[in-house]
There are 2 protein chains.
Amino acid sequence: MATPRKKAAPADKGTRQRLIEATAKVMRDEGYAAATSRRIATEAGVKQALVYYYFPSMDDLFVEVLRAGAEVSLERMREALTDDDPLMTLWKLNSDPRMTTLNTEFMALANHRKAIRAELKSFAERVRDIEAAAVAVALRARGLDLDDHPPVAISMLIAQIARSLCNEEAVGVTLGHRELREFVERRLKLLAMPPADA
Amino acid sequence: MATPRKKAAPADKGTRQRLIEATAKVMRDEGYAAATSRRIATEAGVKQALVYYYFPSMDDLFVEVLRAGAEVSLERMREALTDDDPLMTLWKLNSDPRMTTLNTEFMALANHRKAIRAELKSFAERVRDIEAAAVAVALRARGLDLDDHPPVAISMLIAQIARSLCNEEAVGVTLGHRELREFVERRLKLLAMPPADA
DNA sequence: GTCTATAATGCGATAGAC
DNA sequence: GTCTATCGCATTATAGAC
């Protein structure tokens, strides 16, 4: 009685949405090269030709997958970074391994496909703006000189290190991870305290 | 008169070596999905079936490409990190964009292929050991407490940030790069100076 | 909106001649 | 060591029925 939809096929979601999610799943599990129209259609429980009813080409589908993931990430960032310890939140958010593998696939794709490169760039820059703004607030609150500590640099430092650790973990590399995590977290805790120097 | 080889086909290199280089080129230019036996054979100036004379399967070929690149990188590291400013050298070496795209391809591949994951892990850990050792020497020379500054953490910090910047640049993202580069380089210069705190 | 069927191409891998 | 030829299957994309 809650959803005024038509008749709810496999999970009440529209076919288009299911195709996007199926693509993300296949890319995550087997890589972008395995994300073929047939493989995706099977995953979504429809026939191959239907993919081309919803998306003009496979590349268009990939872009939609990226866009959908980006919106979710951006929303998660926006609400999390307004809390009382934005630096630690930034670190934790970027340490979330859920989007790691998919991100790597899109980085690889972006190196070779113009449409995906453009979409990824736009996404990355929107994220960076949000993160840098939150870091600026945090640094100012601690009385730090923003010329010595450019917020965008600090936010990149935190976010990129967190992501690097996730990327490595995803392929089984963990040497030095404990040391680096502890080092960063020690620094972040120092920064969260009253004033001082840093 | 210098090379006691047979007769020098397209560039005097052995066919096997040419296949490895052709594979690297195709992966760099068009991504791992484009690195098919036919595409590679054409690039190397031989016929498709010959690829299977030298390599049992495409995956074996990919592993050899990774291995070859790894040896070159390792050698470059070993000789560079013995100089007088290892921290800055580490930063500069990892800022070299030459291997960036290929690295991204192998990261993506490693997420889905066991043989490549194992090879990449072994390579990453050998690099890390070399880099951490060099950083340990540098930090000790500056009189820093290695418990507060674990060499492996510092070396990862420097190397991973440099690589992140390259990865982003490769897809056209440059927002905040200048600020972060300057921030890191300022820090590295401070560390290269006499004693002090940090 | 979803299907069947198909065109045109490309793939990994093998067999076997030279 | 390099080739030609081929098997069996997957691919993107389109045409057209329902």
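A, B, ... follow the sequence lines: proteins, then strands. Residue 1 opens every chain.
Checking A/Ser57 against A/Asp60 by side-chain atom types alone, a donor-acceptor pair falls below 3.5 Å.
Under the side chain to side chain donor-acceptor pair (under 3.5 Å) criterion, B/Lys189 pairs with no residue at all, not counting sequence neighbours. In this view, A/Tyr32 and B/Tyr32 satisfy the ring-ring contact (aromatic ring centres under 6.0 Å, His included) rule, not counting sequence neighbours. Not counting sequence neighbours, the partners of B/Thr89 by the side-chain contact (heavy atoms from CB on, under 4.5 Å) test are B/Ala80, B/Leu81, B/Asp83, B/Leu93. Applying the side chain to side chain donor-acceptor pair (under 3.5 Å) rule to A/Arg28 yields no partners; only residues at least two apart in sequence or on another chain are considered. Considering only residues two or more places apart in sequence or on other chains, A/Asn94 meets the side chain to side chain donor-acceptor pair (under 3.5 Å) condition with A/Glu131, A/Arg163.
Contacts classified as ring pair (Phe, Tyr, Trp, His ring centres under 6.0 Å) and involving residues 97-126 of chain B (residues at least two apart or in different chains) are not found. Every pair tested for salt bridge (Lys or Arg N to Asp or Glu O under 4.0 Å) that includes a residue from residues 99-112 of chain A fails, sequence neighbours excluded, so the list is empty. Residue pairs meeting the salt bridge (Lys or Arg N to Asp or Glu O under 4.0 Å) criterion with at least one partner in residues 44-55 of chain A, sequence neighbours excluded, are absent.
Whole-Å rounding puts the B/Glu30 CD to C/dG10 P distance at 13 Å. Put simply, CG on B/Leu50 is 5 Å from P on D/dT2, counting in whole angstrom units. If you measure from atom NZ of B/Lys13 to atom P of D/dG1, you get 19 Å, rounded to the nearest angstrom. When the P atom of C/dA13 is taken as reference, atom CG of B/Leu61 falls 11 Å away, rounded to whole Å. Rounded to an integer number of Å, the gap from A/Tyr53 OH to C/dG1 C1' is 5 Å. Nucleotide C/dG10 holds its P atom 16 Å from the CD1 atom of B/Ile40, rounded to whole Å. Between B/Arg39 atom CZ and C/dG12 atom C1' the separation is 17 Å, expressed in whole Å. Atom pair B/Lys47:NZ and C/dG10:C1' shows a separation of 16 Å (rounding to whole Å applied).
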Note to self: Expected output check: what is the dot-bracket annotation of DNA chain C, where ( ) and [ ] are pairs inside the strand (brackets for crossing ones), | is paired with another strand, and pairs are Watson-Crick or G-U under 3.5 Å?
What the structure shows: ||||||||||||||||||
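Nearest to the side chain of B/Val46, among C/dC3, D/dG1, D/dC3, sits D/dC3.
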Distance-only donor-acceptor pairs under 3.5 Å for side chains of residues 62-73 of chain B, two or more places apart:
| residue | atom | partner | partner atom | Å |
| --- | --- | --- | --- | --- |
| B/Glu64 | OE1 | B/Arg16 | NH2 | 3.2 |
| B/Arg67 | NH2 | B/Glu119 | OE1 | 3.3 |
| B/Glu71 | OE2 | B/Arg126 | NH2 | 3.3 |

Next item on the list: Classify every nucleotide of nucleotides 13-18 of chain D by which part a protein heavy atom approaches to under 4.0 Å, writing B for the base, S for the sugar-phosphate alone and - for neither, in 5'-to-3' order.
Entry: BB----
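Residues of residues 105-115 of chain A having a heavy atom closer than 4.0 Å to DNA chain D: none are found.
Side-chain contact between B/Thr174 and B/Glu169: present, with at least one pair of heavy atoms (C-beta onward) separated by less than 4.5 Å.
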